[in-house]
Protein chains: 2
Amino acid sequence: MKKAQPPTADRPLVPAVELLACPLLVTMGVLGKKWTLLILRDIALLKINRFNQIRRSLPGLTSRVLVMRLHELEACGLIEAVVVKESPRVVGWVLTEKGKDTIPILMSIIAFGIKWYADEIFEDHRPRTMSELYPGSGCP
Amino acid sequence: MKKAQPPTADRPLVPAVELLACPLLVTMGVLGKKWTLLILRDIALLKINRFNQIRRSLPGLTSRVLVMRLHELEACGLIEAVVVKESPRVVGWVLTEKGKDTIPILMSIIAFGIKWYADEIFEDHRPRTMSELYPGSGCP
DNA sequence: CCGCATCCAAAATGATACTG
DNA sequence: CAGTATCATTTTGGATGCGG
């Protein structure tokens, strides 16, 4: 019987099932482009879901790239457009079920950031944990 | 007294402490470039830690970009070079403590991939959970 | 104002060859 | 084996404009 391995042991993490492709490689093909995860942050966590609101929330992101990313995310089934008003057309972007499953990814990145980049993030420069930063939000 | 919010409620996730910068934005500045997370996958999970091994494991990644990424990761304190042999110089790349803290990020991305891209990843096209794929590895 | 297209410049990445 | 050097290609940034 095999012993369980601690995650950082000095040997590779071997899957129990053969992989045709690397899950990380495949997923990064979808989420790995510049701005993608930050746009998802807006929609998923900040509830900023309109075109120009997203653009304003992310200095440096241009209309051109934002249109591309939104349509890529839509094509991948992570977000969908909800028509708020016709003529002039105004749409709000919301997460699909698949899109909601990216939230743990966003959270794990935030958890890393507040631990290691506290200096840039918090006025008191003190690292924090997710449950400190978001108490009562269901974090572990 | 405030009620705890489910993570996907229709309102923004508000931090308990004011943020000078967005943790996601800051972290993506380090991890957000093309190939970075895949290189970390090699070092952190597959224990592929030598220059040409990494390059061979990631078709499309060139020497040029790999050198840049390794030195960026080193400069950010995520990895460090262990000299295996001098002249010709051979180094192995290993995670620092900070680098080890990116493993949950890698894992959350893998978890997303094996759920939503099972078609490309598994021969039987069946989505899986982390504990199915890596039983006895300490996954929830 | 809103979502988005167009044009051009700049930056990032890819291909190939080469070096100690 | 671990990188450099050079050049081609792709991706992104910045400005502007346009129909609704």
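Every chain is numbered from 1 and lettered A, B, ... according to where its sequence line falls, protein lines coming before strand lines.
Checked by atom type and distance alone, the side chain of A/E120 never pairs as donor or acceptor with a backbone atom of A/Y117 at under 3.5 Å. A donor-acceptor contact shorter than 3.5 Å is absent between the side chain of A/S108 and the backbone of B/S108. Under the 3.5 Å distance criterion, the side-chain polar atoms of A/T102 are left unmatched by any main-chain donor or acceptor of A/I105.
Comparing A/V67 and B/S63 by the nucleotide of DNA chain C whose heavy atom lies nearest to each, the residue mapping closer to the 5' end is A/V67.
Where DNA chain C meets chain B (any atom under 4.0 Å from a heavy atom), the bounding nucleotides read 5' to 3' are C/dT13 to C/dA15.
Rounding to whole angstrom units, NE2 of residue B/H71 and C1' of D/dG3 are separated by 8 Å. Separating the CD1 atom of B/I48 from the P atom of D/dA2 is a distance of 13 Å, rounded to the nearest angstrom. Atom CD1 of B/I54 and atom P of D/dA2 are 9 Å apart (whole Å).
Across B/I43, B/I39, B/I54, a single residue satisfies side chain to side chain contact (heavy atoms under 4.5 Å, CB included) together with B/I48, and that is B/I54. No option in B/L25, B/V26, B/L19 other than B/L19 meets the side chain to side chain contact (heavy atoms under 4.5 Å, CB included) test with B/P23.
With the end axes of the helix from C/dC1-D/dG20 to C/dG20-D/dC1 each set by five pairs, the angle from one to the other reads 30° at 10° resolution.
In this structure B/D119 satisfies the salt bridge (Lys or Arg N to Asp or Glu O under 4.0 Å) test with no other residue, sequence neighbours excluded. With sequence neighbours excluded, the residues satisfying side-chain contact (heavy atoms from CB on, under 4.5 Å) with B/V91 are B/A81, B/V83, B/R89, B/W93. A search for side-chain contact (heavy atoms from CB on, under 4.5 Å) contacts involving A/V67 returns A/F51, A/H71, not counting sequence neighbours. For A/V84, the side-chain contact (heavy atoms from CB on, under 4.5 Å) partners at least two apart in sequence or on another chain are A/V90.
Cluster partners of A/M68: none. The rule joins Ile, Leu, Val, Met, Phe, Trp and Tyr whenever side-chain heavy atoms lie under 4.5 Å apart, and it links nothing here. Counting side-chain heavy-atom gaps under 4.5 Å among Ile, Leu, Val, Met, Phe, Trp and Tyr, the cluster of B/V94 also holds B/V82.
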Produce the list of close N/O pairs, under 3.5 Å, pairing protein atoms with atoms of nucleotides 18-20 of chain D; give distances to one decimal.
{"from": "D/dG20", "atom 1": "O3'", "to": "A/S87", "atom 2": "OG", "distance (Å)": "3.3"}

Table of protein N/O atoms under 3.5 Å from nucleotides 8-14 of chain D N/O atoms:
{"from": "D/dT12", "atom 1": "OP1", "to": "A/R69", "atom 2": "NH2", "distance (Å)": "2.6"}
{"from": "D/dT12", "atom 1": "OP2", "to": "A/R69", "atom 2": "NH2", "distance (Å)": "2.7"}
{"from": "D/dG13", "atom 1": "OP1", "to": "A/K34", "atom 2": "NZ", "distance (Å)": "3.3"}
{"from": "D/dG13", "atom 1": "OP1", "to": "A/W35", "atom 2": "NE1", "distance (Å)": "3.2"}
{"from": "D/dG13", "atom 1": "OP2", "to": "A/W35", "atom 2": "NE1", "distance (Å)": "3.1"}
{"from": "D/dG13", "atom 1": "O6", "to": "A/R64", "atom 2": "NE", "distance (Å)": "3.2"}

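Among residue pairs with one or both ends in residues 59-79 of chain B, those qualifying as salt bridge (Lys or Arg N to Asp or Glu O under 4.0 Å) are B/K33-B/E72, B/R69-B/E72; sequence neighbours excluded. The salt bridge (Lys or Arg N to Asp or Glu O under 4.0 Å) pairs that include a residue from residues 101-111 of chain A are A/D101-B/K115, where partners are two or more places apart or lie in different chains.
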